[in-house]
Structures are given as structure tokens and as C-alpha cells.
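Notes follow once the structure below has been shown.
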Amino acid sequence: MDLISPILHALQHFQLTPWKLVGFAGTVMFTSRWFVQLYYTRKYKRVVMPLAFWWLSVLGSALLLAYFTVGKNDSVGILSNFFPVFVSVYNLVVHLRHRRHSVTGDEV
């Protein structure tokens, strides 16, 4: 069975649409968060989840969810990005709340 032919066929007939741009932007953001996390972990020599990680998670998940919901109407993509949006928003809120309390000196 030739596994390469469908891939080559898809690449030859590739069309860049506005919704694909949304999907690619979401993919780049969602993937780049791991490079941000790796950078900070190496910098501080311990596991660190910086604020940028959560922002990239929220924005990337939201863009991917929009792409799969409106751009493709793909239930697999919708389900795979629905939960991460909420987890990322929750973690972003917790991160910002903790940071605010740390700056003000309030108890957490």
C-alpha cells in the first residue's frame, strides 16, 4: 500500500484559506508554548510554567476551537480542543491571582 501518494496529492491540491490561517496560527501558538516552557525551565534549572505558557495555551486553543468549529465543522477537532481551553483559562486565572497576591503581599 502506497502511503505517500495521498500525502503528495493533498500537498499538490493545497489551498490556503482564511480559516486555514486561523488553524495554522492556533497550531503555532499551541505548539510554541512548549518552547517557552522549555526556555524557562532551562533558565531557572527547575520546571517552570511561565505566564506566557498559559496565554499561548488559551489563545492557541481558542483559535483551534474556532477553526474546528466554524472553519471545518470537525467534531474530533472540537472535542480535542474544547477541554484544553477551559483548563488553560483556569490555570491562567490562578497564575494571575497568585501573581497579584505575591505583588501585594496578600495571603494566598
Side-chain angles (χ1 to χ4, degrees):
M1 180 175 211
D2 187 13
L3 298 175
I4 302 289
S5 291
I7 295 170
L8 292 175
H9 179 74
L11 289 174
Q12 288 172 341
H13 294 47
F14 175 79
Q15 292 182 353
L16 188 60
T17 64
W19 278 112
K20 281 188 182 175
L21 285 174
V22 170
F24 286 136
T27 299
V28 167
M29 283 185 181
F30 202 71
T31 301
S32 68
R33 68 198 183 117
W34 293 112
F35 293 104
V36 168
Q37 192 270 333
L38 177 65
Y39 169 78
Y40 280 94
T41 294
R42 289 182 56 86
K43 180 178 177 179
Y44 294 109
K45 297 184 181 5
R46 62 183 176 83
V47 177
V48 178
M49 302 304 270
L51 183 61
F53 178 91
W54 298 116
W55 277 115
L56 288 168
S57 297
V58 168
L59 295 173
S61 290
L63 286 173
L64 285 169
L65 188 58
Y67 169 72
F68 283 116
T69 302
V70 180
K72 278 200 68 100
N73 192 19
D74 179 356
S75 59
V76 173
I78 292 167
L79 288 174
S80 67
N81 287 283
F82 188 73
F83 184 66
V85 167
F86 292 106
V87 172
S88 298
V89 168
Y90 173 78
N91 284 320
L92 179 61
V93 168
V94 169
H95 189 104
L96 291 171
R97 190 177 298 146
H98 176 73
R99 189 166 141 187
R100 184 186 58 191
H101 289 302
S102 295
V103 170
T104 62
D106 294 341
E107 285 293 318
V108 178

Item checked: Nearest heavy atoms of V36 and P50, plus distance in Å -> CG1-CG, 3.7 Å
Next item on the list: Count the heavy atoms belonging to other residues, nucleotides or ligands that lie under 6.0 Å from NZ of K20, then report whether that count exceeds 12.
Entry: yes
Item checked: Single-linkage hydrophobic cluster V58~L51, side-chain heavy atoms < 4.5 angstrom -> yes
Notebook entry, point to check: Between CH2 of W55 and NE2 of H95, what distance do you get to the nearest 0.5 Å?
Noted result: 11.0 Å
Check: Can you name the side-chain hydrogen bond (donor to acceptor under 3.5 Å, both in side chains) partners of S61, sequence neighbours left out?
Finding: none
Notebook entry, point to check: Going from CG on D74 to OG on S80, what distance comes out if it is rounded to the nearest 0.5 angstrom?
Noted result: 7.5 Å
Checklist line | From CA spacing to verdict: side chain to side chain contact (heavy atoms under 4.5 Å, CB included), N91, M49 | finding: CA-CA 10 Å; N91 284 320; M49 302 304 270; over 6 Å; no
Note to self: W19 and side chain to side chain contact (heavy atoms under 4.5 Å, CB included): which single residue from L21, T17, L16 fits?
What the structure shows: T17
Notebook entry, point to check: Relative to the ring of F24, is the ring of F14 parallel (under 30°), tilted (30 to 60°) or perpendicular (over 60°)?
Noted result: tilted
Item checked: Cluster link F53 to V47, ILVMFWY, side chain under 4.5 Å -> no
Margin query: Just verifying a value: how many Å separate L65 CG and L79 CG, rounded to the nearest 0.5 Å?
Written below: 9.5 Å
Check: So, is the end of the R33 side chain (NZ or CZ) under 6.0 Å from the ring centre of F30 and within 45° of the ring's axis?
Finding: yes
Item checked: Distance, nearest 0.5 Å, that separates CG of L64 from CD1 of I78 -> 12.0 Å
Item checked: Rounded distance [0.5 Å steps], CG in L38 versus OG in S32 -> 12.5 Å
Check: Ignoring hydrogens and geometry, is there a side-chain-to-backbone donor-acceptor pair from H98 to V94 under 3.5 Å?
Finding: no
Next item on the list: Anything under 30° is parallel, anything over 60° is perpendicular, the rest tilted; go ahead and classify Y40 against Y44.
Entry: parallel
Note to self: Quick check on the hydrophobic clustering: are L92 and F83 connected, directly or via other members, by side-chain heavy-atom contacts under 4.5 Å?
What the structure shows: no
Margin query: Using the rule that Ile, Leu, Val, Met, Phe, Trp and Tyr join whenever any side-chain heavy atoms are under 4.5 Å apart, tell me whether V48 and F35 fall into a single cluster.
Written below: no
Checklist line | Linked, directly or transitively: Y90 and V87 (ILVMFWY side chains, under 4.5 Å) | finding: no
Check: Would you say the side chain of L63 lies within less than 4.5 Å of the side chain of M29, judging by non-hydrogen atoms?
Finding: yes
